[in-house]
S.K.: 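Supplied in structure tokens, the structure appears directly below.
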Amino acid sequence: MATFLYSIGRFAFRRRRLVALVWVALLAIAGVGAATASTATSNSFSIPGTEAQRAFDLLEERYPGQSADGASARVVFKAPEGEKITAPENAAEVSGIVKELQDGSDQIASVADPFDKKAPAVSQDGTTAYISVTYDVSSFELTEETRDSLKNAGNDAREGGMTVEIGGDALMVMPETGITEVIGVVVAGIVLVITFGSLVAAGLPLITALIGVGIGVSAITALASVMDLGSTTATLAMMIGLAVGIDYALFIVSRYRAELAEGREREEAAGRAVGTAGSAVVFAGLTVVIALAGLTVVNIPILTKMGLAAAGTVVLAVLVAITLIPAFLGFAGERIVSRKDRKARKAAVEQAAATGEVLVGDAPRDNGGTRWSRFVQRRPVMVLLAGVIGLGVIAIPAASLEMGLPDDGAQPTSTSPRKAYDLLSDGFGPGFNGPLVGVVDLKNSDDQDAVLQRITGEIQKNDHVAIVTPPAPNDAGDTATFQVIPKDRPNSTETETLVHDIRDLGDTLKSEDGAEVFVTGATAMNIDFSEKMNDALLPYLALVVGLAFLLLMVVFRSILVPLKAALGFLLSVVAALGAVVAVFQWGWLGGLFGVEQPGPIMSVMPILMVGVVFGLAMDYEVFLVTRMREAYVHGESPSEAITTGFRHGARVVTAAAVIMIAVFAGFIGSSEQMIKMIGFGLAIAVFFDAFVVRMAIVPAVLALLGKRAWWLPRWLDRALPDFDVEGDKLRKKLDGDAAEGGSGKEERETVSV
């Protein structure tokens with residue numbers, strides 16, 4: 001592996017114009033594809049294998065012509081204080097708005113008058129009413145004229161003193177990340193400048209990462225309509241791709257500068273940097289790809305698409321790092337090193353030439369990393385206990401995790417959808433915002449009327465039910481639908497119990513009469529989704545950790561080091577989940593992170609954090625410990641190897657972690673609760689994993705293990721493939737070539753630097 005990547009690095013350095021041209025061409029092609037692609041018109045959400053999805057599919061089959069993907073809205077009215085919405089003047093105002101909406105767009109499917117005697121939509125106290133609006137197309141296909149017509153509905157009523165708010169997905173817009181995303185990139189640039197002391201060296205990782213992300217996100221945009229990619233797919237890919245793209249470039253540029261400091265000629269330094277640090281990048285990237293692609297085992301299309309799209313962007317980041325970075329290093333010349341270091345190096349070369357000494361490179365110097373590693377090795381038990389106990393305390397809130405999918409009730413209280421949600425809850429009851437849709441398959445039933453009467457009668461007796469609407473059969477008479485309005489809020493345990501009670505009733509009916517009863521709707525889908533996430537978490541964790549364990553065993557030629565890496569990850573991800581619960585569910589420091597309405601954690605969050613954070617955590621493990629393994633293989637003691645790893649890797653890993661935290665934290669400013677939560681969760685998880693687990697717990701454990709850390713049974717060592725990640729074979733080959741070629745070339749290389 002190292003020898004192959006060494007050749008790629010040298011080739012890219014020599015043929016830098018060709019390599020750069022290829023990547024720019026790919027960026028242009030992807031950009032044109034994104035610009036000319038049709039807009040994604042669907043943001044469908046399905047959960048294969050669940051009862052809610054089976055009911056949804058049955059509705060599409062038995063009620064042809066009724067679009068399930070059409071947008072919807074509710075225009076909610078509340079009468080002025082002391083008045084009724086049913087008062088003649090108020091009722092006339094609302095009826096006029098119904099007419100307005102009907103004439104306002106040809107995309108309207110139906111507008112329900114709240115005063116229709118067949119389906120009234122007025123609260124019992126007569127103060128609140130709502131207009132239901134459905135559209136023939138999805139929210140992404142609505143024209144601006146249609147949206148404006150809905151937004152302006154009720155302006156006159158507001159002027160007359162009525163409260164008018166609008167909820168539903170018809171006004172859904174693409175999430176905005178805000179200025180904080182830009183701030184994250186700026187922070188990354190500042191960190192790179194501080195790390196390298198050179199604007200050119202700092203700019204390379206940013207430019208190359210943006211090129212890789214640009215290609216990835218443009219490709220996703222171009223394929224969004226064809227592959228039905230959701231709006232969050234590109235956002236997650238950009239978040240992950242930008243973070244790993246900067247980090248991977250950072251490690252290769254850092255290693256290149258270290259090779260220059262040892263007196264290598266620039267092309268040779270580029271080859272060795274890609275051969276050594278590039279090997280770590282490839283395997284670190286593989287762990288991220290495994291974790292993201294592993295989301296396919298959950299068998300939920302939206303997660304599969306998000307995972308594969310983000311994994312593709314990571315693959316691009318790896319390819320950019322091992323090809324475009326060495327090409328750009330060729331363009332950068334000596335400016336890749338700070339002016340101060342160039343002057344010092346030039347003076348050293350002149351002095352060596354004057355005295356006749358051979359300049360072999362800079363001697364290893366102590367830095368913050370070496371001092372920290374020695375401190376940890378002097379007190380490994382204390383550091384280990386402090387890290388484990390600290391993360392354990394932070395993880396405590398995770399035991400109170402409540403999961404759900406966000407609805408308008410999770411919106412900020414200042415928004416119209418949230419106000420509409422609260423008006424409906426106050427006027428019609430907490431469960432009104434989460435109605436359950438019952439679907440009865442009557443094909444195998446002998447007495448359909450009796451079955452329907454029994455179903456509605458039994459459900460109405462349930463203590464958690466507020467209203468059951470009369471069943472509505474389809475034209476064929478083989479299917480009927482009804483609505484159940486729970487007494488409790490949609491994400492309550494009482495509503496979840498109600499869903500299971502109705503399904504248990506359906507099982508009884510199927511065995512006695514042959515009729516099947518299904519429960520669907522947003523609330524039921526939410527419950528099924530959460531349960532499926534819980535069921536999939538352990539198998540997914542076992543798959544991802546198991547594959548990555550095998551991969552790391554190949555990289556480190558050890559059993560205990562990969563085991564320690566996996567256990568450390570579990571500790572950091574549970575602690576991060578505890579922090580997410582404390583902020584987004586309990587509301588601690590919610591104002592600081594823009595959380596206006598605490599609530600349940602998104603069902604997708606735990607499994608997504610496991611996938612993404614595991615891959616990223618293994619990045620730091622590979623980068624930091626590979627350098628230790630390299631030193632140990634080349635003859636250093638376990639203690640010296642830890643110090644060497646920190647001498648070369650601590651500063652870079654710290655910079656990489658700060659950059660990744662800054663990039664993820666930039667998404668906390670998103671207007672979308674899901675993106676905000678993911679950004680915070682990933683940022684805090686990287687903080688815990690990089691600075692507590694990898695920088696403290698890892699060296700403490702390695703210090704306690706000593707040589708045992710690198711133990712591997714001989715039979716297993718022979719069975720595992722040797723990819724030479726630490727570059728030992730590459731170094732021997734190059735040293736042998738140098739010995740055959742004499743010392744003249746080496747002297748010329750030294751002077752050229």
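Residues: numbered from 1 along the sequence shown.
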S.K.: Would Val288 and Val318 count as a side chain to side chain contact (heavy atoms under 4.5 Å, CB included) here? Give the steps.
M.R.: CA-CA 11 Å; Val288 182; Val318 172; over 6 Å; no

S.K.: Kindly give the heavy-atom pair with the smallest separation between Ser603 and Pro606, and that separation in Å.
M.R.: O-CD, 3.4 Å

S.K.: For the side chain of Tyr620 and the backbone of Val693, is there at least one donor-acceptor N/O pair under 3.5 Å apart?
M.R.: no

S.K.: Could you give me the CA-CA distance, side-chain angles and deciding distance for Phe283 and Val555, then say whether side chain to side chain contact (heavy atoms under 4.5 Å, CB included) is met?
M.R.: CA-CA 8 Å; Phe283 279 93; Val555 173; 3.4 Å; yes

S.K.: Please report the shortest heavy-atom distance between Leu260 and Ala269, naming the atom on each side.
M.R.: CD2-CB, 3.8 Å

S.K.: What is the distance from atom CE of Met533 to atom CG of Leu608, rounded to the nearest 0.5 Å?
M.R.: 10.0 Å

S.K.: Between Thr626 and Ala280, which heavy-atom pair has the shortest distance, and what is it?
M.R.: OG1-CB, 4.5 Å

S.K.: Find the distance between CG (Leu206) and CD1 (Ile246) and round it off to the nearest 0.5 Å.
M.R.: 5.0 Å

S.K.: Under 3.5 Å, is there a donor-acceptor pair between the side chain of Arg257 and the main chain of Ile336?
M.R.: yes

S.K.: Quick one: are Leu391 and Val574 in side-chain contact, heavy atoms under 4.5 Å?
M.R.: no

S.K.: List in chain and number order the residues that pass ring-ring contact (aromatic ring centres under 6.0 Å, His included) with Phe584, two or more places apart in sequence or in another chain; answer none if no residue qualifies.
M.R.: Phe680

S.K.: As an exercise, state the distance from OG of Ser572 to CD1 of Ile684, rounded to the nearest 0.5 Å.
M.R.: 11.0 Å

S.K.: Can you tell me how far apart OG (Ser254) and NE2 (His648) are? Round to the nearest 0.5 Å.
M.R.: 9.5 Å

S.K.: Are the side chains of Leu295 and Met306 in contact, using a 4.5 Å heavy-atom criterion?
M.R.: no

S.K.: Please indicate whether Arg15 has more than 12 foreign heavy atoms, meaning atoms of other residues, nucleotides or ligands, lying under 6.0 Å from its CZ.
M.R.: no

S.K.: Contact between Ile601 and Val581 at the side-chain level, heavy atoms closer than 4.5 Å - yes or no?
M.R.: yes

S.K.: Between Val217 and Ala234, what is the shortest heavy-atom contact and its length?
M.R.: CG2-O, 4.1 Å

S.K.: Using a strict threshold of under 4.0 Å (side-chain N to carboxylate O), is an ion pair present between Arg255 and Glu630?
M.R.: yes

S.K.: Hey, are the side chains of Arg266 and Phe13 touching, using non-hydrogen atoms and a 4.5 Å cut-off?
M.R.: yes

S.K.: Tell me, do Ile215 and Ile29 make a side-chain contact under 4.5 Å, heavy atoms counted?
M.R.: no

S.K.: What I'd like to find out is whether the side chain of Tyr6 reaches to under 4.5 Å of the side chain of Glu268, using heavy atoms alone.
M.R.: yes

S.K.: So, do Leu308 and Leu292 sit near enough that their side-chain heavy atoms are less than 4.5 Å apart?
M.R.: no

S.K.: In Å and rounded to the nearest 0.5 Å, what is the CD to CE distance from Gln585 to Met403?
M.R.: 10.5 Å

S.K.: Report, as yes or no, whether the 6.0 Å neighbourhood of atom CG on Leu199 holds more than 12 heavy atoms from other residues, nucleotides or ligands.
M.R.: no

S.K.: What are the two closest non-hydrogen atoms of Val613 and Phe569, and how far apart are they?
M.R.: C-CE1, 4.0 Å

S.K.: Between Ala332 and Val200, which heavy-atom pair has the shortest distance, and what is it?
M.R.: CB-CG1, 3.7 Å

S.K.: Would you say that Leu571 contacts Ile697 through its side chain, given a criterion of any heavy-atom pair below 4.5 Å between the two side chains?
M.R.: yes

S.K.: Could you go through the side chain to side chain contact (heavy atoms under 4.5 Å, CB included) check for Arg651 and Thr195 one step at a time?
M.R.: CA-CA 8 Å; Arg651 180 182 175 89; Thr195 302; 4.2 Å; yes

S.K.: Just by distance, with hydrogens left out, do Thr208 and Trp23 show a side-chain donor and acceptor under 3.5 Å apart?
M.R.: no

S.K.: Run Leu624 and Phe646 through side chain to side chain contact (heavy atoms under 4.5 Å, CB included) and show every step you take.
M.R.: CA-CA 7 Å; Leu624 188 62; Phe646 270 82; 4.1 Å; yes

S.K.: Calculate, to the nearest 0.5 Å, the distance between atoms CG and CZ belonging to Asp689 and Phe691 respectively.
M.R.: 11.0 Å

S.K.: I'd like to know if the side chain of Arg694 and the backbone of Ala565 have a donor-acceptor N/O pair within less than 3.5 Å.
M.R.: yes

